[in-house]
2 protein chains.
Amino acid sequence: MTFPVVGMVGGGQLARMTHEAGIPLGIRFRLLSDTPQDSAAQVVSDVVIGDYRDLDTLRDFARGCDVITFDHEHVPTEHLRALEAEGIPVRPGPEALVHAQDKGVMRARLDAIGVPCPRHRIVTDPADAVAFATEVEGGGFPIVLKTVRGGYDGKGVWIVRSEEDARAPFLAGVPVLAEEKVDFVRELAANVVRSPHGQAVAYPVVESRQVDGVCDTVIAPAPGLPEDRALEAQRLALRVAEELGVVGHLAVELFETRDGRVLVNELAMRPHNSGHWTQDGAVTSQFANHVRAVLDLPLGDPRPRARWTVMANVLGGDYPDMYQGYLHCMARDPQLKIHMYGKDVKPGRKVGHVNTYGDDLDDVLERARHAADYLRGTIVE
Amino acid sequence: MTFPVVGMVGGGQLARMTHEAGIPLGIRFRLLSDTPQDSAAQVVSDVVIGDYRDLDTLRDFARGCDVITFDHEHVPTEHLRALEAEGIPVRPGPEALVHAQDKGVMRARLDAIGVPCPRHRIVTDPADAVAFATEVEGGGFPIVLKTVRGGYDGKGVWIVRSEEDARAPFLAGVPVLAEEKVDFVRELAANVVRSPHGQAVAYPVVESRQVDGVCDTVIAPAPGLPEDRALEAQRLALRVAEELGVVGHLAVELFETRDGRVLVNELAMRPHNSGHWTQDGAVTSQFANHVRAVLDLPLGDPRPRARWTVMANVLGGDYPDMYQGYLHCMARDPQLKIHMYGKDVKPGRKVGHVNTYGDDLDDVLERARHAADYLRGTIVE
């Protein structure tokens, strides 16, 4: 048997769904997980329990893996460099991944290659944040402050309306990036996958709707997006992937501005929530293509299989028993695709998602929203 | 967490693919496997290694499972009755499963409910087999002899042309069933899924092409099958599922005769090779619907997602390294879906399958055949 072993660092739902997508390829999947109860650890046979922040743990884990990839961006960059120096293929590699780990590095690099971003600079203290606000053309408060490392799902991000507001971001002792608050119409995501030998595929550009800073609904393709703007976004994402040397799935979160431009909001170098629709809506899912990319296999067709596909996140509510909800949801919609992560329900926590597809966007949206709300317990019929 | 635990007896590829299909539902999957190297044991976290022929092993395994289901039909019927008597839900139950375990019981039952079968009777010795051949109207040799238990993939089945030929089937000391050799045009399969509360869904009737008694290619739906004959086959399968009290996936293998009838060849009460196309070609796969059925959840939509879907089995050849073949196959056909089982290559062994789909049957067939032949090593370009 020469089937390779893919080592996945991190036991969250992205690892769980990557394992699921890897099973048909006959590859071996090895997981480094914090606890045996983690989402992916529940469904993978070869699990190492350990701390990804410890280099020796990573080294031991990597022994016997043909390639290392990630469920999250939190592995210290210097550890990844150490692994790579020891000859272990790390995909995406540290020189690419640092752009998803450090928003300051990411902004500087995107500026250097001329990719449009919100206006921004590193600020040193609350007074400097006030100064940045006054510098922004047509600007002033509110501005956005972000710690350059450690944020996700709205954490590590502050909407700041005063010098008083601007104090909190500096408490963590991490450099703080200030950005203009973009007057956007909606958020888009341009997702691409790139392999080490440079092949790349682009998924249709999607619309991503956020609630309280957390992704709520994704519509594929983004409704009403002019073809030239969609192409521009796809080209931008392919260019970022190539310039930064990304291997695997790259999600480029974008703002569509009122004046018809797209600006880069965030980068993620792993399967991403804005690509979950591909499990049921595309010929090849983001997870399958991520596996193919990190193994340097030819990539699969990213085209959609349905006119419209909608993904709705299932967040934890007050109702802990989501399995009971299956009866109603499955009976109501025999085409509904449920994806649960095996996670305990906590209010606001992403514990699963649903996908729906079809020809009528209103119907597809309604079915996804109904199922997500019913499973959460927000609605009871 | 009230998500149930599904106990799967048997570690083959059907268990592997059922686990894959269960991951999105967030259920727990527990496997009873002969060895840790078995196909499913490679990808499941909760594995018990043990012998399914031992009742105490089954009892220990079943403790903590909410329901027991199967990768194969080889668990002794009396053990299943014992588990059921102890209050463990066994799905399909022993009273149904015995019809897939014992071809004599199956034929008697199908006769009793008026389901058309090849002419048949139990024969006692080679001379009695000769007598059966002379009894068959318009018949004579060849006839088919089958041991009533233990056969699969052409094993336990003999095409008999003389009294001399008829000796081998009796050597195992198992009762032998004689059947007329049906003059069929082709083989079909009508696959249905039934839940404990009696809901049932029928997949499109497929054509199944065999080579040397082993399934080679499946075409969904069966090309040129008149709608009334397809409906007749689906109704027949639904009726068998109901009359026999099947829970889960039921494959009804059929002969389509030259004079336009369908006759039942075999029954399988588990996911089946003739349903592998549903993984990529139907809204809900046979594996997902089998899980839903054994948990008494509402069943998913069985309808096709493409005009044509073709499944081709990948058999072991002289070429042990199938992973190398991925490069050419994936580059040639970015829409190809590969499903490998993690099994060592042995000549003639089913080690995987591929699915293709599209609007043009010739193209879809060619792509599937090419990939299966290339992976096996029968062709080199």
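What you see below is based on every heavy atom in this structure, not just the backbone, and it leaves out hydrogens, waters and symmetry mates. Quick caveat: nothing in here was measured; it's all calculated off a predicted structure. In the text below, chain A, chain B and the rest are named by the order of the sequence lines, each starting its count at 1.
- Between A:Arg332 and A:Glu366 there is a salt bridge, since at least one side-chain N of the basic residue sits less than 4.0 Å from a carboxylate O of the acidic one.
- At least one donor-acceptor pair under 3.5 Å links the side chain of A:Gln286 to the backbone N or O of A:His272.
- Heavy atoms closer than 4.5 Å to chain B are found in both the backbone and the side chain of A:Val43.
- Per-residue counts of heavy-atom pairs under 4.5 Å with chain B were compared for A:Glu20, A:Arg303, A:His339; the largest is that of A:Glu20.
- Under the 30°/60° scheme for interplanar angles, the aromatic rings of B:Phe29 and B:His19 are found to be tilted.
- Defined by atom type and a distance below 3.5 Å, a donor-acceptor pair is missing between the side-chain atoms of B:Asp373 and B:Thr378.
- Proximity to chain A at a heavy-atom threshold of 4.5 Å picks out B:Tyr323, B:Tyr326, B:Leu327, B:Met330 from residues 323-330 of chain B, in numerical order.
- Looking only at distances, a side-chain donor or acceptor of A:Gln42 sits under 3.5 Å from a matching main-chain atom of A:Gly342.
- Among the candidates A:Arg16, A:Gln199, A:His353, the residue making the largest number of heavy-atom pairs closer than 4.5 Å to chain B is A:Arg16.
- When B:Gln335, B:Gln13, B:Met17 are compared by the number of non-hydrogen pairs under 4.5 Å with chain A, B:Gln335 comes out ahead.
- Ion pairing between B:Asp46 and B:Arg30 holds under the 4.0 Å rule for side-chain N and carboxylate O.
- Relative orientation of the A:Tyr203 and A:His249 rings is tilted, given thresholds of 30° and 60° on the angle between their planes.
- Put simply, of A:Pro334, A:Pro4, A:Ser45, the one with the most heavy-atom pairs under 4.5 Å next to chain B is A:Ser45.
- A cation-pi geometry, defined here as NZ or CZ lying under 6.0 Å from the six-membered ring centre and within 45° of its normal, holds between A:Arg305 and B:Tyr357.
- Between the side chains of A:Asn191 and A:Ser274, a donor-acceptor pair is found at a separation under 3.5 Å.
- A distance-only check finds no donor-acceptor pair linking the side chain of A:Thr217 to the backbone of A:Ala312 [under 3.5 Å].
- Side-chain atoms of A:Ser285 never come within 3.5 Å of backbone atoms of A:Thr278 as a donor-acceptor pair (strictly under, hydrogens ignored).
- Of the possible polar contacts, none joining the B:Ser33 side chain to the B:Asp38 backbone as a donor-acceptor pair under 3.5 Å is found.
- For residues 287-301 of chain B, a heavy-atom distance under 4.5 Å to chain A picks out B:Arg292, B:Leu295, B:Asp296, B:Leu297, B:Pro298, B:Leu299, B:Gly300, B:Asp301, given by residue number.
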